[in-house]
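Structure, as structure tokens:
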Amino acid sequence: MSYAPNTDIVIVGAGVIGLSIAWRARTRYGPTVTVVDPSPGRGASHAAAGMLTPVSELQYGEESLLRLGIESARRYPEFAAELADAAGLPSGYRACGTIAVALDADDRAVLKDLHTHQTRLGLHSTWLTSRECRRLEPMLSPAITGGLHVEDDHQIDNRRLVAALLAACDRAGVRLVRERVERILVTDERAHGVRLANGRELSADQVVLAAGCRSALIPGLPPEVVPAVRPIKGEILRLKVPPAMLPLLSRNVRGVVKGGSMYLVPRADGELVIGATEYELGHDTRVTAGGVYELLRDAHELVPGITELPLLETLAGLRPGSPDNAPILGRSALAGLVVATGHYRHGILLTPITADTVAEVLAGGTTPDLIVPFGPDRFAPAARKVMA
Ligand code: GLY
């Protein structure tokens, strides 16, 4: 390049994805990194529950996503320990395991199918009778009809993760600019920086688009490289288990309740996260009475004791959905532009693997094999037509 850029890398979006890429790129490879976001860590990363559950959330036809999720989960303990050390703050990682339970006979059949599929893929999960489920989690309702124990599916407190990433980035010298990106700057078929809402421009050798579901809304890019992401709303509740009732639950509980699925995620400090609804309603983040009702009703079917708990917070976030429910990672067809979005239900789970692989790409390495199936080009116009 013929000019001196303000920064080697500018990252649009300071959620867990943008921040973890910034931290990894800066500390592993040494470039100057600037992250731009008007409200760092306050989007989907704030609303999430933090389940690290690739095996219990397995879906048919998503085997390459499963591999990515399992590899990311495998890296989590080391990633979390390194982050806590770098940040001087706890990461919120909790190796607690997950139990998936069924309410009625149809729900049990759904979980039985899941168990067969998991076993076929060589995944570790154990079928439990209702009584065995309640031996592990005594506060579960006697009405449940059975379940699965997945010992290797854990959790991380997503809000502690955000706080640790912000602190680690700060200590590593990553610059955080609390502004909105108004436009990605593209000249001569190369992305070379961003224009901020305050009119300032930041030039960079590489631009990383990691703005979650807003990644498709930022002007400046040729249409063929705009990531195919859309908002998928999720409502979530936070309750508090009083010390006298601890532990209400000791592990993540996923429930299949009359055909719907939901989850309860207990933190070590007594917070209980209950989620999540799923709607396609554009960028609407209003919490509805119906959403809260459904979550409480289903949670109560599984764990009747929850009705005694103080309800601390109701919140809606927007997951960045992609056409095949998998993330969009790597170099785009536009020189200078790297994409890291579309993580849908798995942004927190996929944080370590996204950070490691995208930082490697930014350092000029070849695209790691693990993320080759998730390249931005799979949704190029011709590919989009085939998928439609
Ligand atoms: N990963 C959980 C959710 O998106 O609701």
Side-chain angles (χ1 to χ4, degrees), residues 15-17 20 41-59 62 65-66 68-70 72-73 76 92-94 96-101 114 148 150 152-162 212-213 229-239 249 251-257 259-267 271-281 283-285 287-288 290-292 294-296 298-299 302 313-328 341-354:
V16 288
I17 297 301
S20 62
R42 299 293 296 185
S45 304
H46 186 69
M51 277 188 307
L52 310 176
T53 51
V55 175
S56 20
E57 290 196 76
L58 174 66
Q59 301 281 335
E62 293 186 356
L65 181 58
L66 170 75
L68 195 71
I70 286 181
S72 202
Y76 240 112
Y93 183 75
R94 188 175 185 206
C96 59
T98 295
I99 184 169
V101 296
L114 174 64
L148 284 170
V150 183
D152 298 331
D153 275 1
H154 303 309
Q155 63 158 286
I156 191 162
D157 181 330
N158 47 297
R159 294 182 180 179
R160 287 185 195 268
L161 174 64
V162 167
C213 70
V229 282
R230 65 189 197 286
I232 302 177
K233 177 176 172 180
E235 287 154 311
I236 200 148
L237 316 174
R238 282 179 159 74
L239 288 70
L249 299 170
R251 45 184 70 67
N252 304 329
V253 175
R254 288 192 57 81
V256 185
V257 181
S261 61
M262 49 87 60
Y263 48 79
L264 300 99
V265 183
R267 307 280 189 233
E271 185 180 72
L272 180 67
V273 185
I274 299 180
T277 60
E278 200 158 341
Y279 303 108
E280 300 222 19
L281 293 170
H283 289 263
D284 175 10
T285 52
V287 176
T288 64
V292 175
E294 266 174 44
L295 290 172
L296 288 177
D298 291 352
L302 299 180
E313 184 186 339
T314 62
L315 183 69
L318 299 173
R319 308 174 182 93
S322 75
D324 60 4
N325 296 339
I328 305 173
T341 183
H343 292 75
Y344 184 36
R345 296 178 65 94
H346 305 296
I348 306 292
L349 168 65
L350 296 177
T351 291
I353 195 77
T354 301

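Since we're looking at a predicted model, the values are computed, not measured. Note that these values count all heavy atoms, side chains included, but never hydrogens, waters or copies made by symmetry. Indexing begins at 1, ligand by ligand and atom by atom, following the structure's order.
To the nearest 0.5 Å, atom CD of residue Glu62 and atom NE2 of residue His346 are 6.0 Å apart.
In this structure the side chain of Arg94 never reaches within 4.5 angstrom of the side chain of Asp157, judged on heavy atoms. Using a 4.5 Å cut-off on side-chain heavy atoms (C-beta onward), Thr53 and Leu349 make no contact.
The closest donor-acceptor contact from the side chain of Asn158 to the backbone of Ala48 lies under 3.5 Å. Checked by atom type and distance alone, the side chain of Arg159 pairs as donor or acceptor with a backbone atom of His46 at under 3.5 Å.
Residue Arg319 is tested with His343, Glu278, Arg230, Lys233 for a side-chain contact (heavy atoms from CB on, under 4.5 Å); the sole match is Glu278.
Residues lining ligand 1 at a heavy-atom distance below 4.0 Å are given as Glu57, Tyr263, Ala276, Arg319, Arg345, ordered by chain and residue number.
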